[in-house]
There are 2 protein chains.
Amino acid sequence: MGRMAETRWLDEREMAAWHGFLEATSRVSRHVETQLKEDAGLSHAQYEILVRLSATEGGELRMTELAEGLFTSKSGLTYQIGQLEKRGLVHRRSCPTDVRGVLAVLTPAGREALRRSAPGHVAAVREALIDVLEPDELDALARALGRVGGRLRPHPAD
Amino acid sequence: MGRMAETRWLDEREMAAWHGFLEATSRVSRHVETQLKEDAGLSHAQYEILVRLSATEGGELRMTELAEGLFTSKSGLTYQIGQLEKRGLVHRRSCPTDVRGVLAVLTPAGREALRRSAPGHVAAVREALIDVLEPDELDALARALGRVGGRLRPHPAD
DNA sequence: CACAGCAGGTTCGAATTTGAACAACCCCGT
DNA sequence: ACGGGGTTGTTCAAATTCGAACCTGCTGTG
C-alpha cells in the first residue's frame, strides 16, 4: 500500500539553488523591511497595502481582494488595516453592493505617506535585487519565479 | 544640499521581477511551512536547525554560528532552541572553551525526527521550486540569487 | 419564497520574530 | 596584571502572523 517512492534527494546543484533562494529571500526581506521601518515607519506589509490601494480608481479595494493581492491571510489583513486606520492612512467604508463587504480606502494622508516613502523604498529594492542583476538575469529570474509563484497560486476554481 | 537624486522608478520589467520575487517567496514559504507543520509538527525554522546540527561533527553548534547560518536573530534562535529543547530534540551544553558560550546539541530523538521528516520536506521543496524549473533555469536562479544574498551578507569585517 | 451552502470579515488565542537592554566574559595592547 | 571594547546568550516588551471558530448576509435551487 501507500509506500512512498524512494526519496529523490537534492543533488549539489539543487541544494545550492534552494539554499541561495532561502538566503536571498531572507536577506532581501530584512533589508527592505528595515529600510521602510527606519525611514518611513511602515512595515513592508503596510507599504504594500498603500501601493495596491493607490493603484485603483478610487483608492479603495475590498478586504478580500486586498488580501489576495498581498498573499496574506484575511485575519492578517484585518489587523494591518486596523493599524493603518489608527494612523489615519486608510479608513474603512462598508461596501454599497454587499452589506457584508468592507472597502479599505486610502486617505489623503495615506497617499501622502506613500508618496514620501516610495523613493526610499524603490532605492532599497534596487540595491537589494534589481541593480544587482544584469537585465537578462533579471528577466530570467522574473520568468522562473513567475512560474514558481503561479503554480502555487490557490486554485482558479477547477 | 543633500537633495536626493531624481528617483529611478522601476520600469515594467523590473516591476515584474520584483513582484514575481515577492509572490514566489511568499507562496513557496507558505507551502514549505505548511507541509512541515502538518506532516512533522515542525516549523521551517526548527527543521533548519536540526539540519544544520546534523551536518556537523558531533551534531552540535554554537548558538551564534547557528543563528548566522539560519539568517535569524540571536533572540529568535534562543526561542526556537528553547522550543526544541522542550520537545527533547535538542539540548544545551555549555561550551568547554568559553564560559559564555552555549552549544546546541542534536539528541538521538532530534536526529530521528529529522530522518522522518526529511523526505516530505524535500518533496515539498521539489514541488514548489526545484522541479518547476529546467536545469539551466535552476542554475541561473542559483547564480543570480547567490549574488543577491551575498551582497547583503553582513560585513566580512572590512 | 424557503433553504442549504458558501462567501466576507472579524475575533481570539497561540506561536513567532525582532531589536534593545543586560550581565558576564574573552582578548589585546600597555 | 589591568582596562576598554567587543562578544555571547538571554530576557523583555511590542508587533505580527496564522488558522479556526463565528456571525452575517448573499445566492442558486427546488
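A, B, ... follow the sequence lines: proteins, then strands. Residue 1 opens every chain.
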Legend entry - Heavy-atom donor-acceptor pair, Arg100(A) side-chain to dT24(D) base, under 3.5 Å: no
Inset, instruction - Rounded off to whole Å, could you give me the NE2-to-C1' distance for the His44(A) and dT18(C) pair? - result: 17 Å
Inset, instruction - Take Asp98(A) and Leu103(B), find for each the nucleotide of DNA chain D with the closest heavy atom, and name the residue whose nucleotide sits nearer the 5' end. - result: Leu103(B)
Legend entry - Nucleic acid contacts - residues 72-88 of chain A versus DNA chain D, non-hydrogen atoms under 4.0 Å: Thr72(A), Ser73(A), Ser75(A), Tyr79(A), Gln80(A), Gln83(A)
Inset, instruction - Give a yes or no on whether a salt bridge exists between Arg30(A) and Glu33(A), defined as a side-chain N under 4.0 angstrom from a carboxylate O. - result: no
Legend entry - Where Trp18(B) and His44(A) come nearest, the two heavy atoms and their spacing: CZ2-CE1, 4.0 Å
Inset, instruction - Flag the pair Glu65(A) and Arg52(A) as a salt bridge only when some basic side-chain nitrogen lies within less than 4.0 angstrom of an acidic carboxylate oxygen. - result: no
Legend entry - Side-chain heavy atoms of Gln80(B) within contact of Thr72(B), under 4.5 Å: no
Inset, instruction - Take the C1' atoms of the five end pairs on each side of the helix from dC1(C)-dG30(D) to dT30(C)-dA1(D), derive the two axes, and give their angle rounded to 10 degrees. - result: 30°
Legend entry - Separation of atom CE in Met63(A) from atom C1' in dT24(D), rounded to whole Å: 16 Å
Inset, instruction - Check whether any side-chain nitrogen or oxygen of Arg30(B) sits under 4.0 Å from OP1 or OP2 of dT17(D), and answer yes or no. - result: no
Legend entry - Val105(A) side chain reached by Arg92(A) side chain, heavy atoms, under 4.5 Å: no
Legend entry - Minimal non-hydrogen separation, Leu89(A) against Ala113(A), with atom names: CD2-CB, 4.1 Å
Inset, instruction - Starting at atom CZ of Phe71(A), determine the distance to atom C1' of dG19(D), rounded to an integer number of angstrom. - result: 20 Å
Legend entry - Protein-nucleotide distance (Arg62(A), atom CZ; dC26(D), atom P), rounded to Å: 10 Å
Legend entry - Pair Glu14(A) + Arg126(B), salt bridge at N-O below 4.0 Å: yes
Inset, instruction - Could you tell me whether Glu127(B) and Arg151(A) have a side-chain N and a carboxylate O separated by less than 4.0 Å? - result: no
Legend entry - Leu53(B) reachable from Tyr79(B) in the ILVMFWY side-chain graph, under 4.5 Å edges: no
Legend entry - d(CD, Glu68(A); P, dA7(C)) in whole Å: 11 Å
Inset, instruction - Take the protein atom NZ of Lys37(B) and the nucleotide atom C1' of dC18(D), then report the distance between them rounded to whole Å. - result: 11 Å
Inset, instruction - Quickly work out the Glu38(B) CD to dC18(D) C1' distance and round it to whole Å. - result: 13 Å
Inset, instruction - Using whole Å, report how far CD of Glu48(B) lies from C1' of dT16(C). - result: 16 Å
Inset, instruction - Counting heavy atoms from C-beta on, name the nucleotide in dT16(C), dT10(C), dG25(D) closest to the side chain of Ser43(B). - result: dT16(C)
